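Since the structure is predicted, the reported quantities are computational estimates derived from the model, not experimental observations. Just follow the structure's listing: the first ligand is 1, and inside any ligand the first atom is 1.
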Amino acid sequence: MPKIRTVYLCTECGGESHRWEGQCPHCKAWNTLVEERVRPAPATRGERAAGSDASAVVLADVQGVERPRWQIGLAELDFVLGGGVVPGSLVLLGGEPGIGKSTLLLQVSARLCGAGHKVLYVSGEESAYQVKLRAERLPEATDDVLVLAETSAELVIDRVDQIEPDVLVIDSVQTLYTERLESAPGSVAQVREVAAVLQRLAKRREMAAFIVGHVTKEGGIAGPKTLEHIVDVVLYFESPTGLDHRIVRGTKNRFGAADEIALFRMGAQGLEPVDNPSAMFLQGRPDRASGSAVVAALEGTRPLLVEVQALVNKSVYGSPQRVATGFDGRRLALLLAVLERRARLRTSDLDVFLNVVGGLRLSEPATDLGVIAAVASAIRDVMLDPEAVFVGEVGLGGEVRPVRQLERRLGEAGRLGFKRAFLARSSEIAEKGAPVALEKVPDVGRLIDVLFG
Ligand code: TYD
Ligand code: MG
């Protein structure tokens, strides 16, 4: 039996050290090293065989068949995955407890099962009966999904080799443990090892595997960042407002664009896709209030119309307050300075509050113009045209700059009934055939003139 050795693993990056240190020598994080006892395992026969007959080939001679992706049938999720599930891939789904990870993966299981794939759902957290209780609430037929309540990785692999499923769900990776390691389930070494084992298993069997990962207080997936490096796709489940809607965000995708989002609503019968995300984020817009502007943002490749609200107040203290929710505070300060210097709109004695509705976070410069418009509208206390959207980056000279993917953004605005768009004069788009009327402005000063006369 190989000797057990003690190593220190970083909970942040998974890096290994031979002695305890206050700071991880790999990622420089403080107080993240934990002691783990590992028993190095002999390489399995499968791995050795794969290694011995491998020879290099020139790319021109590489042959293979493009395997079709499997459609889940939840259009939003297929979209985030890049067009469906890729056989042989390992997908990690992270999220806080209670957000709906088990529900979503049970729905995915049911749908893939309905499409004729063999699905094995391994639950390390709940009994088969608990899984059944959840399944009964769902609209999908779950009868043929195979359930296994088990926490031993070796046993799961045995069953997989026996059952030969097309799709494997592991709920969750933190409950699974391999007997090769001494450390407790959920520890860095275990999570890392289990994920690596599952990755090899998925590749070897050409099976799609989904694993649930719990999220730490800081919002990362519990277990180290290495977990994210091992898997092919990383999805995060978020609840931006604490309301019923949920966002599944792709942060890594080896088979498609990362950064795509999917929107769901958690109802009494599981998660339902939201077909029209922009319309949802615009719900409940005040129709008679100043300080509200709609921006056409981009989430991944998808345009999303979002309302930005500003509120200003005479500052009673020496230094005015600037509070931004869903927007970078420093960027707001910069835009306020631009407003004051380039558009002669006094902001330096005002408290300014900015809020992005729906709990979204806007990080693109393309939303600058909308922020400027919302703040100016609040200062003047004049309502903006409710049928106008704003798209443009604002520079320090007060100039309005063009943004990428303009057609997509304007297309979404037109689709939702918006009539006008304010944008950079230098934008390369023809007036004719545009989905909305174009109000081209060269700079912030001109924008204020056009808006408020
Ligand atoms: P769950 O999938 O168990 O979350 P996770 O696996 O991420 O911990 O979902 C838990 C919550 O979802 C729970 O509070 C009940 C709620 N829920 C619904 O609102 N509707 C449903 O149809 C189901 C199955 C769950
Ligand atoms: Mg769960």
## Note on the structure
Checking heavy-atom distances from atom 16 (C) of ligand 1 to each of Glu125, Glu96, Arg134, Met266, the winner is Met266
### Query
Got the closest protein heavy atom to atom 4 (O) of ligand 1, with its distance?
Gly100 N, 3.1 Å
### Task
Would you verify that at least one protein heavy atom lies under 4.0 Å from atom 11 (C) of ligand 1, or report that none does?
yes
### Task
Specify whether an N/O/S atom of Ser102 falls short of 2.8 Å from the Mg ion (ligand 2).
yes
### Task
Output yes when a side-chain donor or acceptor of Glu299 lies under 3.5 Å from a complementary backbone atom of Asp259, and no otherwise.
no
### Message
For Asn276 and Leu416: C-alpha separation, side-chain torsions, deciding distance, then whether side chain to side chain contact (heavy atoms under 4.5 Å, CB included) applies.
### Response
CA-CA 9 Å; Asn276 200 337; Leu416 283 164; 3.9 Å; yes
### Task
Within a distance under 4.0 Å of any heavy atom of Gln269, pick out the atoms of ligand 1 and give their elements.
22 (O)
### Message
How far is atom 2 (O) of ligand 1 from the closest protein heavy atom, and which atom is that?
### Response
Thr103 OG1, 2.6 Å
### Query
When you look for heavy atoms under 4.0 Å from ligand 1, do you find them on the side chain of Pro97, its backbone, both, or neither?
backbone
### Summary
If we number the atoms of ligand 1 from 1 as shown, the ones under 4.0 Å from a heavy atom of Ser102 are 2 (O), 5 (P), 6 (O)
### Query
Would you say Arg137 has any N or O atom under 3.5 Å from an N or O of ligand 1, going by distance alone?
yes
#### Entry: Nearest-neighbour protein heavy atom for atom 13 (C) of ligand 1, which is reported as residue plus atom name and distance
Gly98 O, 4.6 Å
### Message
Angle between ring planes, Phe422 versus Phe390, binned at 30° and 60°: parallel, tilted or perpendicular?
### Response
parallel
### Message
Before you tell me yes or no, could you show the steps for Ser292 and Glu307 under side-chain hydrogen bond (donor to acceptor under 3.5 Å, both in side chains), namely the whole-Å CA-CA distance, both residues' side-chain angles and the distance that decides it to 0.1 Å?
### Response
CA-CA 7 Å; Ser292 157; Glu307 183 191 350; 2.9 Å; yes
### Message
Using a 3.5 Å distance criterion without hydrogens, assess whether the side chain of Gln23 forms a donor-acceptor pair with backbone atoms of Lys28.
### Response
yes
### Query
Short list, please: which atoms of ligand 1 are under 4.0 Å from a heavy atom of Gly270?
20 (N), 21 (C), 22 (O)
### Task
Check whether any side-chain N or O of His214 sits under 3.5 Å from a backbone N or O of Ser172 as a donor-acceptor pair, and report yes or no.
no
### Task
Check whether any side-chain N or O of Gln107 sits under 3.5 Å from a backbone N or O of Leu271 as a donor-acceptor pair, and report yes or no.
yes
### Query
Near Gly267, which atoms of ligand 1 are under 4.0 Å from a heavy atom of that residue?
18 (C), 19 (O), 20 (N), 21 (C), 22 (O)
### Query
Is the shortest side-chain N to carboxylate O distance from Lys132 to Asp143 below 4.0 Å?
no
